[in-house]
Amino acid sequence: MPGPFATHEVFNQPPPLEDVNLFTSDKALLEAVEREGGGEAAARLKAFGSVAGSAEALERGRLANEHPPRLSTHDAHGRRRDTVTYHPAYHELMRASCGEGLHSSVWADLADSGKASRPGAHVRRAGAFYMAAQMEAGHCCPITMTNAAVPVLLLEPGVAKEWVPRVLPFAYDPSFAPAAEKTAVTLGMGMTEKQGGTDVRAATTKAEPVGARGSGAEYIVTGHKWFMSAPMSDAFLVLAQAEGGLTCFLMPRFLPDGSVNALHFQRLKDKLGNRSNASSEVEFAGAHAWAIGEEGRGVPTIIEMVTHTRLDCAVASAGLMRSALANAIHYAEHRTVFQKKLVDQPLMSQVLADMALEVEAATALSFRLARSFDRTSDASAGAWRRVMTPVSKYWVCKIAPALVAEAMECLGGSGYVEEAPLARIYREVPVNSIWEGSGSVMALDVLRVLQREPEAARSVMEELGAAAKGDARLRHAHERIEGLLHEPALLDQRGRLLVEALALLAAGAILKAHAPAAVADAFVASRFGGGGKQTYGQGLERADTRAILSRASPNRA
Ligand SMILES: Cc1cc2nc3c(=O)[nH]c(=O)nc-3n(C[C@H](O)[C@H](O)[C@H](O)COP(=O)(O)OP(=O)(O)OC[C@H]3O[C@@H](n4cnc5c(N)ncnc54)[C@H](O)[C@@H]3O)c2cc1C
């Protein structure tokens, strides 16, 4: 125990927010998992919530970010090494999340029944992933990519047969060795090049067949990637130009003869946040890779991976928002200012409750989206997934940075220092909006659905219309969106307006149907009541902030 100070006592400071069960202390999460079909995993999620919220795990998160990964390009004698060394805490975080199956659990049925996914699997995984992001967000990158790569691997039977069984074990093996010798593997992806990230068709990396061409064939890949995260992954899904156009490849770190493949890492990015995760610049100096899908089908082939990572961006951002909110409420519950607890100061309770509503909405939207990934055979779920993946990714990831900044302010000066988790969360959150399709790209994706799959958009609008029926303000919001859709000439300019309106309406409808009245009424009144608020703590004069906050408190009895 640290001793007392000689000059003063420490009081009116909160105890650390640690050893809190991230599942049982989070009512919105508990309810979302149950509502969307993951309830039978409650005991397992409770156990993981205890691990992810433990003081030990949070300390590992701090260490993994304070000691970022280091690249070693060559050995002392000039031979290439191309290895990245991580702090042991990073490996422990990976071990915890992979041990929980976050990199593969939704595909577990492939091993026994050959079916792609079991009911509720995405919701259950989302529940644990939401907590893993709170434990430490950077290590979630390889976890997400590994999970999301599986549906792409499945497209080429030869590749699937070899690689899917390696992905499935609930284990983590960080050794730098051929995949066949390892107990578990992780996968990454390389799409972004210097001259084009969003516009991946601008890729200049070339692929030449070794012999035969086409899906499953071996190619030699020459070129670069400007961002390729988790470089110690065992293989990467990579886009390169073959004769027939942009093509998707699986590029392993080791070749079948046990030699190291020609992936030459140039440097690691020095990033704003996400520091525990390595993001490399890499050259492929004649690296071997195997085609997945036919030549020219690169984008349609890899798109399923991208769609899965977008779900994770929304879920992780909602988790990080929850973490920031929990820290803000915890502080306000313990800090006295002008003879009153901060949480009871009217302006502070308005700010905190307003943030809690945003977290409720982000959580509700993310888990509703996860359910649509579980029900791929159901047409309306398919439509929801198609339309609401970019909508949810856009909105949840965009509101997160502002919410975390406000949460930081709730802790005053202590919020701004590195010992508190808020500073790290603040640096972390913007990345979810940038990667896997940034804001405007999400809006463009929604516009693409309207053009090419109008029946999907109609299905979502009908569902939202039915949900909005009982509330005049939601009904009005629905009519407004219908109005936007009926002015297609202006939609290109109004893409973001449309996406935001859809997200808000969907969140409002879910909360109205399922959240306690205090939450639902305050959300609808403050988001659809016509006020022009731009910052937190407005529009809740009539709300039951005490009820909203007692539900959101991490110290809830
Ligand atoms: C930490 C980190 C890790 C990453 N890891 C990986 C990885 O592992 N693998 C990988 O492949 N990539 C990775 N990326 C790259 C990331 O996916 C790209 O940065 C992102 O897709 C944007 O591409 P870009 O940087 O080329 O930006 P640009 O394509 O130049 O886009 C710049 C801006 O323009 C906007 N924009 C683009 N097109 C339009 C349009 N038509 N209309 C309006 N606005 C538009 C975009 O939304 C964006 O805001 C990573 C990025 C980061 C920050």
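Ligands are counted one by one from 1 in listed order, and the atoms in each one are counted from 1 as well.
For atom 8 (O) of ligand 1, the nearest non-hydrogen atom of the protein is Ser229 N, 2.8 Å. Protein heavy atom closest to atom 36 (N) of ligand 1, with residue, atom name and distance, is Val441 CG2, 4.3 Å. Of the protein's non-hydrogen atoms, the one nearest atom 24 (P) of ligand 1 is Gly197 CA, 3.8 Å. Atom 45 (C) of ligand 1 has Ser440 CB, 4.3 Å as its closest protein atom, hydrogens excluded (heavy atom only). The protein atom (non-hydrogen) at minimum distance from atom 2 (C) of ligand 1 is Trp435 CE3, 3.5 Å. Annotation: atom 51 (C) of ligand 1 to nearest protein heavy atom, Phe227 CD2, 3.4 Å. With hydrogens left out, the protein atom closest to atom 49 (O) of ligand 1 is Ser438 OG, 3.7 Å, a heavy atom. Looking from atom 20 (C) of ligand 1 to the surrounding protein, the closest heavy atom is Ile434 O, 3.8 Å.
Distance screen at 4.0 Å: atom 10 (C) of ligand 1 has a protein heavy-atom neighbour inside the cut-off. Shown here, atom 31 (O) of ligand 1 is in close reach of the protein: a heavy atom of it lies under 4.0 Å off. For atom 34 (O) of ligand 1, the nearest protein heavy atom lies 4.0 Å or farther away.
In this structure, His103 has its ring center no closer than 6.0 Å to that of Tyr172. Taking the six-membered ring for Trp and the full ring otherwise, the centers of Phe254 and Phe176 sit less than 6.0 Å from each other.
For ligand 1, the atoms lying closer than 4.0 Å to a non-hydrogen atom of Leu444 are 40 (C), 41 (N), 42 (N). Residue Thr198 has at least one heavy-atom neighbour below 4.0 Å for each of these atoms of ligand 1: 22 (C), 23 (O), 26 (O), 28 (P), 29 (O), 31 (O), 37 (C), 38 (N). Counting atoms of ligand 1 from 1 in the listed order, those under 4.0 Å from a heavy atom of Met228 are 7 (C), 8 (O). Atoms of ligand 1 lying under 4.0 Å from at least one heavy atom of Lys271, given by number and element, are 1 (C). Counting atoms of ligand 1 from 1 in the listed order, those under 4.0 Å from a heavy atom of Met191 are 10 (C), 11 (O).
The OG1 atom of Thr535 lies 9.5 Å from the CD atom of Glu409; values are rounded to the nearest 0.5 Å. The distance from the OG atom of Ser366 to the CH2 atom of Trp395 is 9.0 Å, given to the nearest 0.5 Å. Between Met131 atom CE and Asp26 atom CG the span is 8.5 Å, to the nearest 0.5 Å.
When Val431, Thr192, Asp492 are ranked by how near their heavy atoms come to atom 16 (C) of ligand 1, first place goes to Thr192.
With a 6.0 Å radius and a threshold of 12 heavy atoms from other residues, nucleotides or ligands, Arg297 has its CZ atom at or below the threshold. By the 6.0 Å contact criterion, CZ on Arg267 is open, its count of non-hydrogen atoms from other residues, nucleotides or ligands being 12 or less. In this structure, Glu218 places its CD atom where more than 12 heavy-atom neighbours from other residues, nucleotides or ligands lie under 6.0 Å away. Within a 6.0 Å radius of CD in Gln534, other residues, nucleotides and ligands contribute 12 heavy atoms or fewer. The number of heavy-atom neighbours closer than 6.0 Å to CD of Glu56, taken from other residues, nucleotides and ligands shown, is 12 or below.
Between His308 and His122, the ring-plane angle classifies as tilted under the 30° and 60° cut-offs. Between Tyr90 and Tyr86, the angle of the ring planes stays under 30°, which puts this pair in the parallel group of the 30/60° scheme.
Within the structure, ligand 1 lacks Gly188 among the residues with a heavy atom less than 4.0 angstrom away.
Proximity of Asn277 to ligand 1, defined as any heavy-atom pair under 4.0 Å, is not found for any part of the residue. Only the side chain of Ser279 comes within 4.0 Å of ligand 1, judged by heavy-atom distances.
Remark: ligand 1 and Met189 share an N or O pair separated by less than 3.5 Å (distance only, no angle test). Considering backbone and side-chain atoms alike, Glu193 places every N or O at 3.5 Å or more from each N or O of ligand 1.
Under a cutoff of 6.0 Å and an axis angle of 45°, Arg385 and Phe373 form a cation-pi pair.
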